[in-house]
Amino acid sequence: MIRLFFAAVVAVVLCGCGGHSHSHEEVAHEHLHIHSFVAYTHSVEMFMQHEGLETGKKSCITLYATELPSFKPVGSEEAEAILKVGEKSVSMKVVHGKKGVFHFDFVPEVSGEGVLVFNVAGEKAHFHVDVHEAGEEHAHHHEEEEHHGHDHSAHVHSGHAHGHAHAGHGTAVEGKPGDIQFTKEQSWKIDFATEEAVASDFCGTVKVAARVEAAPENFTTIVATASGKVQFARGVVAGKQVSAGESLFYLEGSDVTDNDAAVKFAEAESNYELAKSEYERKKLLFIDKIVSEREYLEAEAAFKQAEARYASMKRSYGEGKMVLKSSMSGCLSALLVENGDYVQAGTPVARVERKGAVNIIAELPVRYASQLQNIGYVNVETPQGRVYRLDSLGGSVIAVGTTANSCSMLPVTLSSGAIEASRQHRNGIHNLYE
């Protein structure tokens with residue numbers, strides 16, 4: 001877990017322990033060591049502080065109980081503490097003086113290593129403690145003063161959940177005199193939280209421009225099925241919303257005589273009728289065993305091919321025109337020809353896109369070729385200033401180019417996940433972070 005050094009100033013700690021008063025003279029000259037520990041259960045963070053445990057001496061222990069994941073004081077009014085040292089066990093229940101803060105007074109009877117167990121809101125946390133013989137703790141502090149000099153500020157020993165974020169076991173870590181003091185009660189008053197630190201590799205960053213295109217399953221290109229002059233249907237403009245099966249363009253061949261739509265349709269119809277007649281004739285001859293099975297099968301195959309071609313053209317032909325339709329609903333994102341242009345069969349006429357995932361194509365300088373197989377993560381910034389982490393949206397790296405283009409750039413193709421293929425995204429500049 002993140003190590004945070006919660007240091008209550010001496011005045012607060014002392015005032016927080018009901019029934020224990022110290023004169024100003026004592027505070028000014030006594031060298032205090034405040035031991036701090038923290039442990040986490042599934043729903044409660046327990047932060048405990050005390051000034052040391054000695055046999056025969058009343059020890060003030062303060063517990064700060066915080067709800068998770070809100071990081072606000074627990075609502076429970078009662079808490080229980082059990083001190084176990086060897087075979088000796090002593091328990092105490094208290095009611096909070098302030099929400100989330102509980103004060104316990106223990107007088108240890110035996111010395112040694114022990115366990116301090118807290119039970120708050122149905123959650124238990126265990127803290128390992130050392131109980132010293134009377135005078136031992138003071139002697140230890142005095143030796144530290146001689147070694148470090150006379151520093152009358154409070155030394156803070158801060159703890160964290162050692163290796164187990166939810167184990168409910170607390171340990172102590174020595175804080176430094178320069179640590180920033182930040183009390184639990186201060187943390188409750190602001191938006192404050194702790195989170196488990198996770199080790200990960202550190203990546204360099206490369207920032208480049210990129211273009212956005214609809215994923216292949218989210219766009220289609222309308223192509224001319226025959227040669228002819230293109231005529232736009234009424235209301236066809238770039239950006240128009242269209243429906244699947246809607247007639248968008250017509251191919252006319254009245255003023256062109258070479259390979260136009262009318263000629264192609266007439267040819268397909270004639271081939272169909274001829275193939276049908278030949279098939280039916282050879283079918284009867286085959287029954288009478290006049291022609292071979294091979295001749296019959298060849299005639300059948302020729303008929304089926306002519307029939308499929310004729311049926312396809314017939315669905316898109318009427319009144320001397322070939323009709324071009326969209327195979328999907330979406331936005332007519334691009335017109336690739338002008339009204340009245342003459343086109344050959346197979347010429348792209350328009351592009352239709354629908355909302356959905358997009359692909360992002362970024363080009364990186366070839367000097368990064370050796371690093372492109374180790375991309376850590378990708379962030380995308382839209383023209384509106386929004387930044388998306390691609391993996392959080394279900395996006396990923398699809399392909400990394402291995403051949404540089406004429407500008408010595410290598411393409412990297414990314415799937416965008418939940419980012420939709422809006423016109424703003426397609427026309428915008430995006431930032432890629434490696």
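Taking a 6.0 Å sphere around CD of E113, one finds it holds 12 or fewer heavy atoms contributed by other residues, nucleotides or ligands. Within 6.0 Å of NZ on K72 lie more than 12 heavy atoms contributed by other residues, nucleotides or ligands. The local environment of CD in Q241 is crowded, with over 12 non-hydrogen atoms from other residues, nucleotides or ligands closer than 6.0 Å. For E338, the CD atom counts as loosely surrounded, since its 6.0 Å shell holds 12 or fewer non-hydrogen atoms of other residues, nucleotides or ligands.
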Full working for ring-ring contact (aromatic ring centres under 6.0 Å, His included) between F118 and F104: CA-CA 11 Å; F118 292 101; F104 301 89; 5.6 Å; yes
side-chain contact (heavy atoms from CB on, under 4.5 Å) evaluation trace for K240 with E246: CA-CA 12 Å; K240 173 182 172 66; E246 181 179 348; 3.7 Å; yes
Full working for side-chain contact (heavy atoms from CB on, under 4.5 Å) between V101 and T62: CA-CA 7 Å; V101 183; T62 302; 4.0 Å; yes
Criterion side-chain contact (heavy atoms from CB on, under 4.5 Å) on L324 and T225, from CA distance to verdict: CA-CA 8 Å; L324 303 182; T225 55; 3.8 Å; yes
Full working for side-chain contact (heavy atoms from CB on, under 4.5 Å) between S59 and H50: CA-CA 7 Å; S59 300; H50 64 79; 5.9 Å; no
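In this structure, V223 and P348 approach most closely via the heavy-atom pair CG1-CA, 4.0 Å. Contact record, A275 with A302: CB-O, 3.9 Å, taken as the closest heavy-atom pair. Smallest separation of non-hydrogen atoms from E123 and S43: OE2-OG, 3.0 Å. When all heavy atoms are compared, the tightest approach of W188 to A65 is CZ2-O, 3.6 Å. Nearest heavy atom pair, residue E353 against residue A214, reads OE1-CB, 3.8 Å. Between V115 and V129 the shortest heavy-atom distance is N-CG2, 4.2 Å.
Panel note: side chain S329, backbone A244; a donor-acceptor pair is recorded below 3.5 Å. Not one N or O on the side chain of N271 forms a donor-acceptor pair closer than 3.5 Å with the backbone of A306. Between the side chain of R309 and the backbone N or O of Y272, no donor-acceptor pair lies under 3.5 Å. Although no hydrogens or angles enter the test, the distance criterion places no donor-acceptor pair under 3.5 Å between the side chain of T41 and the main chain of K124. A side-chain donor-acceptor contact under 3.5 Å links S415 to the backbone of S396.
Counting heavy atoms from C-beta outward, T413 and I360 have side chains that stay 4.5 Å or more apart. Contact check for L53 versus I61: side-chain heavy atoms found under the 4.5 Å cut-off. Side chains of I375 and V412 form a contact here, defined as non-hydrogen atoms less than 4.5 Å apart. By the 4.5 Å heavy-atom criterion applied to side chains, V352 and M328 are counted as neighbours. Considering only heavy atoms from C-beta on, V208 stays 4.5 Å or farther from E363 through its side chain. Contact check for H132 versus S111: no side-chain heavy atoms found under the 4.5 Å cut-off.
Rounding to the nearest 0.5 Å gives a distance of 7.5 Å between CG of N405 and CG of L410. Note that OH of Y40 and NE2 of H42 are 14.5 Å apart. Values are rounded to the nearest 0.5 Å. H96 contributes atom NE2, which lies 4.5 Å from atom CD of E77 (distance to the nearest 0.5 angstrom). A distance of 10.0 Å separates OG1 in T347 from CG in L336, rounded to the nearest 0.5 Å. Separation of atoms CZ (F249) and NZ (K229) is listed at 15.5 Å; rounding is to 0.5 Å. To the nearest 0.5 Å, the span separating CD on E133 from OG1 on T55 amounts to 4.5 Å.
Ring-centre distance between F47 and F37: not below the 6.0 Å cut-off.
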